[in-house]
2 protein chains.
Amino acid sequence: MFLFRYCSERNLAVNPQGGNTGLVGGSVPVFDEIILSMALMNQIISFNSVSGILICQAGCILENLSQYLESMDFTMPLDLGAKGSCHIGGNVATNAGGLRVLRYGSLRGTVLGLEVVLADGSILNCLASLQKDNTGYDLKQLFIGSEGTLGVITTVSILCPQKPKAVNLAFLGCPGFSQVLETFTTCRGMLGEILSAYEFMDDKSMKLVESHLKLSNPVTGSPFYVLIETSGSNSAHDEEKLNHFLEQAMTSGLVMDGTVVTEDKRIKALWALRERITEALTHDGYVYKYDISLPVKRLYDLVTDTRERLGRSAKNVVGYGHLGDGNLHLNITAESYSHSLLEAIEPFVYEWTAQYQVSISAEHGLGFKKKHYIHYSKPREAVHLMQKFKAMLDPKGILNPYKTLPASSL
Amino acid sequence: MFLFRYCSERNLAVNPQGGNTGLVGGSVPVFDEIILSMALMNQIISFNSVSGILICQAGCILENLSQYLESMDFTMPLDLGAKGSCHIGGNVATNAGGLRVLRYGSLRGTVLGLEVVLADGSILNCLASLQKDNTGYDLKQLFIGSEGTLGVITTVSILCPQKPKAVNLAFLGCPGFSQVLETFTTCRGMLGEILSAYEFMDDKSMKLVESHLKLSNPVTGSPFYVLIETSGSNSAHDEEKLNHFLEQAMTSGLVMDGTVVTEDKRIKALWALRERITEALTHDGYVYKYDISLPVKRLYDLVTDTRERLGRSAKNVVGYGHLGDGNLHLNITAESYSHSLLEAIEPFVYEWTAQYQVSISAEHGLGFKKKHYIHYSKPREAVHLMQKFKAMLDPKGILNPYKTLPASSL
């Protein structure tokens with residue numbers, strides 16, 4: 001690409017930007033970077049309805065791709081709250097997780113190929129549309145999740161599953177976090193292959209969605225809520241499995257109350273309770289956001305401990321997330337930004353998590369805000385090797401500088 | 001590791017070797033390399049029955065891991081014919097495919113972490129046991145599928161699915177390859193989430209298994225056979241789905257004849273017909289082996305065209321493979337090795353496949369035998385970048401030399 005050759009020759013830094021929905025400052029410039037918007041690269045190149053392989057440009061909006069595929073009885077293997085504005089290129093560049101990882105796995109498995117523009121302006125074509133290819137090293141993996149620091153993704157090839165014929169959603173209230181966990185183990189056994197999402201929200205998350213967004217929660221009075229989605233090929237079978245599970249969960253006291261919906265419109269309304277928590281938080285004040293991978297058994301302890309530590313200095317401390325993936329979203333709100341509150345949170349949260357060998361960024365990435373904390377999750381020699389890759393692929397450091405990795409001591 | 005530091009200092013080359021079941025000569029020394037057997041590193045380190053995450057040493061035999069997990073109602077996400085002797089470390093180093101890719105995806109999605117010894121003897125710990133982790137570049141991916149040329153995998157962390165409660169196997173005869181394809185589309189729609197394998201074999205493959213191994217094929221007289229496996233959580237539901245599908249397939253003439261089994265012993269016997277083709281081929285004479293990713297519609301054309309081209313100079317030309325993944329195994333046998341036959345096959349097979357932008361090695365890797373053909377599947381700049389990675393990680397070229405990549409012109 002001419003732009004990159006121009007920038008490389010003149011040492012001009014470039015900040016690639018997709019839908020700009022990232023939560024760690026990876027898509028915003030820090031100093032004087034040139035913003036490279038991918039918004040006009042929004043063409044679908046091809047879709048093969050036998051293999052399910054979609055090839056499209058990086059600037060395609062996730063929701064548009066979903067709608068396009070649904071008209072052909074397929075679906076995207078990823079879904080997330082920001083789908084209305086995030087780009088598929090940004091999703092891949094950040095290895096976005098979201099709501100369907102439990103069912104369809106991560107983008108590292110479903111992305112089949114990429115076209116990437118490198119720092120010197122050359123184009124690297126790894127755009128296979130094959131489900132299997134073991135010819136040499138899998139170069140595309142380095143760019144997945146590299147947040148635009150090694151190259152700019154311009155085209156994506158992705159394997160899309162068939163659209164499920166039947167979808168059910170159960171929204172349940174649990175008396176405690178241990179019941180949230182036991183409900184998960186029970187439904188994983190009883191729903192098996194049709195389980196497509198298991199999300200949890202604490203009471204405080206739901207209260208924020210109700211008060212700030214005026215959404216109504218059909219199940220109230222529980223300290224925890226879970227959202228269980230099934231997706232399958234036979235609605236009678238799926239409903240039977242779900243009913244058996246619900247019966248078991250109710251009679252054994254795992255679940256206090258709940259509702260099940262099958263209509264598309266009501267499914268969307270229930271999902272909104274979970275998907276719009278992020279939005280509700282922004283209405284609550286300044287938000288300190290954390291995205292942690294933890295052993296599920298300890299998942300909520302971090303919320304309780306943080307809440308206790310911060311006491312009245314925080315407005316709200318809430319926890320929710322992809323329990324099925326061991327992924328907690330911990331959010332702390334305050335009337336406005338306060339440096340002393342930040343100092344009470346960090347490095348406390350990172351040190352707390354470090355004792356369990358976990359990830360301080362399960363799906364959000366490191367971007368600008370969290371790059372200095374990489375050492376809590378990765379050993380020094382791994383960071384050093386990452387810096388060597390960066391130096392090799394972008395020797396002038398013009399690609400999304402100040403992001404992902406701490407400054408190199410090479 | 002001391003060995004590597006010693007070898008690095010003295011410029012001694014090392015050939016890591018797992019179960020030595022590879023098909024492209026990746027695990028055998030070429031000149032005077034030191035063979036590093038991983039067989040004694042065969043310990044299971046931990047298994048978490050909530051998350052399904054197994055951590056084990058690289059020398060564990062795949063079948064032993066499967067048996068260990070099955071006793072706890074879990075299963076390995078991969079399975080292949082060589083399971084009785086192949087090592088999990090070798091599986092990961094070659095990004096092995098096998099019989100369960102259709103259901104559980106590739107190792108790039110299920111391998112969560114690795115410990116790798118680098119060429120200088122330092123240990124790279126990427127041994128996360130987390131389902132999600134977006135902190136920096138995903139270094140482990142470079143080692144998956146690198147055939148021991150960038151580092152030696154010593155420990156593996158892998159996400160294992162729950163053992164399905166019900167398994168059914170249908171072995172069907174189809175009147176032609178177009179019916180094999182249509183049967184696939186039909187069963188993918190009707191079996192949906194319980195479809196766990198879709199394999200095809202031509203009549204000639206089955207004849208070899210019958211004549212050389214004395215296995216009996218319960219369905220005869222068809223030019224093509226397919227093996228369809230379902231795995232699910234409710235046997236009544238699964239059988240109902242399978243019966244509906246079979247009724248549809250029989251009445252519409254897609255399938256001529258068939259058998260369905262549900263008992264474990266009979267399932268194993270039917271799978272043997274497919275899994276032991278490789279073994280039957282070795283009894284037939286010298287074998288020229290090809291492993292191609294192709295658009296499914298053209299999958300069998302390569303077999304027909306090769307058979308026609310070789311005429312009587314080949315003993316048998318057979319085709320079978322993982323149709324659900326678009327992966328053909330083309331095998332040609334002759335009484336003994338003949339250079340003129342090789343010249344009739346290569347580069348013909350590679351040139352034939354190159355017209356479809358496909359992979360000349362879907363799952364076997366390149367090893368020693370196929371490294372020079374990488375250009376049929378990968379553009380020059382991608383190969384060049386791979387060589388740069390190799391030079392950076394193994395500057396003295398002591399790790400499994402003469403494998404995977406052609407000699408660098410760096």
Side-chain angles (χ1 to χ4, degrees), chain A residues 50-51 94-95 97 101 105-106 108-109 122 124-126 128 130-139 141-142 144-146 162 185 188 192-194 232-234 237 241 293 296-297 325-327 358-366 374 377-379 381-383 385-386 388-389 392 404-405, chain B residues 50-51 94-95 97 101 105-106 108-109 122 124-126 128 130-139 141-142 144-146 162 185 188 192-194 232-234 237 241 293 296-297 325-327 358-366 374 377-379 381-383 385-386 388-389 392 404-405:
Chain A
V50 176
S51 62
T94 58
N95 188 31
V101 175
S106 87
R108 301 204 172 274
S122 64
L124 181 69
N125 180 354
C126 310
L130 300 162
Q131 287 171 64
K132 290 158 85 173
D133 176 24
N134 277 349
T135 54
Y137 313 146
D138 191 2
L139 297 176
Q141 295 288 348
L142 261 187
I144 299 176
S146 70
Q162 287 198 304
T185 317
R188 202 173 52 172
E193 64 281 358
I194 63 166
S233 60
N234 183 312
H237 289 171
K241 287 190 181 93
S293 263
V296 284
K297 278 190 187 170
D325 311 321
N327 184 184
V358 299
S359 173
I360 59 140
S361 188
E363 56 176 20
H364 293 171
L366 296 170
I374 190 171
S377 291
K378 291 286 157 70
E381 64 275 13
V383 177
L385 193 53
M386 292 178 201
K388 282 173 81 174
F389 283 125
M392 192 179 98
T404 309
L405 299 178
Chain B
V50 176
S51 63
T94 58
N95 188 30
V101 176
S106 88
R108 299 204 172 274
S122 64
L124 181 68
N125 179 356
C126 310
L130 301 162
Q131 288 172 64
K132 291 158 84 174
D133 176 25
N134 277 348
T135 54
Y137 313 148
D138 192 2
L139 297 175
Q141 295 288 348
L142 261 187
I144 300 176
S146 69
Q162 288 199 304
T185 318
R188 202 174 49 173
E193 64 281 358
I194 64 167
S233 59
N234 183 311
H237 289 171
K241 287 190 182 92
S293 261
V296 285
K297 278 189 184 169
D325 313 320
N327 184 184
V358 301
S359 173
I360 59 140
S361 188
E363 56 176 21
H364 292 170
L366 295 170
I374 191 171
S377 290
K378 291 285 157 71
E381 64 275 13
V383 177
L385 192 52
M386 291 177 201
K388 282 172 81 174
F389 285 134
M392 190 178 99
T404 310
L405 299 179

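Order of the sequence lines fixes the chain letters, A, B, ..., with proteins taken first and strands second; residue numbering starts at 1 for each chain. Atoms considered below: every heavy atom in the structure, side chains included; atoms not considered: hydrogens, waters and symmetry mates.
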Region of [X] that comes under 4.5 Å of a non-hydrogen atom in chain A:
X: B:Lys241; result: both
X: B:Glu363; result: both
X: B:Thr135; result: both
X: B:Ile360; result: both
X: B:Ala128; result: neither

Problem set entry | Ring geometry between B:His237 and A:His237 (parallel below 30°, tilted from 30 to 60°, perpendicular above 60°) |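 The arrangement is parallel - the two ring planes meet at less than 30°.
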Problem set entry | Set of side-chain contact (heavy atoms from CB on, under 4.5 Å) partners for B:Asp138, sequence neighbours left out |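 By the side-chain contact (heavy atoms from CB on, under 4.5 Å) rule, B:Asp138 matches A:Arg108, B:Lys140, B:Gln141.
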Exercise. Under the side-chain contact (heavy atoms from CB on, under 4.5 Å) test, which residues partner B:Val296, sequence neighbours left out?
Worked result: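 side-chain contact (heavy atoms from CB on, under 4.5 Å) check on B:Val296 returns A:Val50, B:Leu181, B:Leu323.
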Interface residue of largest heavy-atom contact number with chain A, from [options], under 4.5 Å:
options: B:Ala362, B:Gly192, B:Gly109; value: B:Ala362
options: B:Lys297, B:His364, B:Arg188; value: B:Arg188
options: B:Glu381, B:Glu193, B:Gln162; value: B:Glu193
options: B:Gly105, B:Gly365, B:Ser359; value: B:Ser359

Between [options], who has the most heavy-atom pairs with chain B when the cutoff is under 4.5 Å?
options: A:Gly326, A:Ala382, A:Gly97, A:Ser233; value: A:Ser233
options: A:Thr404, A:Thr94, A:Thr185, A:Leu385; value: A:Leu385
options: A:Leu124, A:Leu139, A:Asn125; value: A:Leu139
options: A:Asp133, A:Asn95, A:Ile374, A:Asn134; value: A:Asn134
options: A:Gly145, A:Gly136, A:Ser51, A:Ser106; value: A:Gly136

Exercise. Can you tell me how far CG of B:Leu405 sits from CE of B:Met386, rounded to the nearest 0.5 angstrom?
Worked result: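 The distance works out to 7.0 Å.
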Exercise. Which heavy-atom pair separates A:Leu366 from A:Ser361 by the least distance, and what is that distance?
Worked result: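 So the two residues come closest at CD2-CB, 4.2 Å.
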Exercise. Any side-chain heavy-atom pair from B:Gln131 and A:Ser293 closer than 4.5 angstrom?
Worked result: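 They are not in contact (no side-chain heavy atoms under 4.5 Å apart), so the answer is no.
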